[in-house]
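Here the structure is laid out as structure tokens; the discussion comes afterwards.
Computed from a prediction, not measured in an experiment: that's the story for all the values here.
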Amino acid sequence: MSAFTQQVKGNWNELKGKFKQQYADLTDDDLLYEEGKEDELLGNLQKKLGKTREEVESEVDSWSR
């Protein structure tokens with residue numbers, strides 16, 4: 001299990017709020033989390049934010065500390 005998956009499973013509501021604060025153009029649909037589809041969520045965030053996988057994972061990691 002990746003660090004991103006662990007962080008999403010454990011703290012999604014908190015992380016979702018941080019994404020909304022940081023990126024006002026993200027919608028609830030963009031931030032829809034379904035267990036087992038963490039890679040799909042990560043891919044959607046990459047596409048919407050124009051960031052690499054590593055950049056999104058790093059941002060989530062920094063918020064989870």
Side-chain angles (χ1 to χ4, degrees):
M1 183 180 306
S2 75
F4 178 80
T5 299
Q6 289 175 332
Q7 290 162 338
V8 167
K9 282 185 175 185
N11 304 311
W12 181 242
N13 287 331
E14 183 181 330
L15 291 171
K16 183 177 176 181
K18 291 190 186 241
F19 271 110
K20 284 185 168 186
Q21 287 175 355
Q22 188 75 20
Y23 305 102
D25 60 332
L26 289 177
T27 66
D28 285 335
D29 286 342
D30 294 328
L31 297 169
L32 184 62
Y33 167 67
E34 294 179 49
E35 191 161 340
K37 294 190 174 185
E38 293 84 4
D39 284 338
E40 187 176 319
L41 171 65
L42 183 57
N44 289 340
L45 289 172
Q46 284 177 249
K47 189 163 109 175
K48 187 77 175 190
L49 300 175
K51 295 185 176 220
T52 66
R53 177 183 186 103
E54 292 78 17
E55 289 172 323
V56 174
E57 287 179 337
S58 176
E59 196 158 10
V60 168
D61 185 50
S62 72
W63 292 339
S64 296
R65 293 181 189 176

List the residues meeting side chain to side chain donor-acceptor pair (under 3.5 Å) with [X], not counting sequence neighbours, and say none if there are none.
| X | answer |
| --- | --- |
| T27 | D30 |
| S58 | none |
| E59 | Y23, K51 |

> Under the side chain to side chain contact (heavy atoms under 4.5 Å, CB included) criterion, do T5 and L42 qualify, and how do the steps go?
Replying inline: CA-CA 9 Å; T5 299; L42 183 57; over 6 Å; no
> At what distance, to the nearest 0.5 angstrom, does NZ of K48 lie from CG of L45?
Replying inline: 10.0 Å
Pairing residues for [X] by the side-chain contact (heavy atoms from CB on, under 4.5 Å) criterion, not counting sequence neighbours:
| X | answer |
| --- | --- |
| K20 | K16, D28, L31 |
| K37 | E34, E40 |
| S62 | none |
| D39 | R53 |

> Mind checking what makes salt bridge (charged side-chain N to carboxylate O under 4.0 Å, His left out) contact with K18, not counting sequence neighbours?
Replying inline: none
> With sequence neighbours left out, what residues match E38 under salt bridge (charged side-chain N to carboxylate O under 4.0 Å, His left out)?
Replying inline: none
> In terms of hydrophobic clusters joined by side-chain contacts under 4.5 Å, are L32 and V60 together?
Replying inline: no
> F19: what forms a ring pair (Phe, Tyr, Trp, His ring centres under 6.0 Å) with it, not counting sequence neighbours?
Replying inline: W63
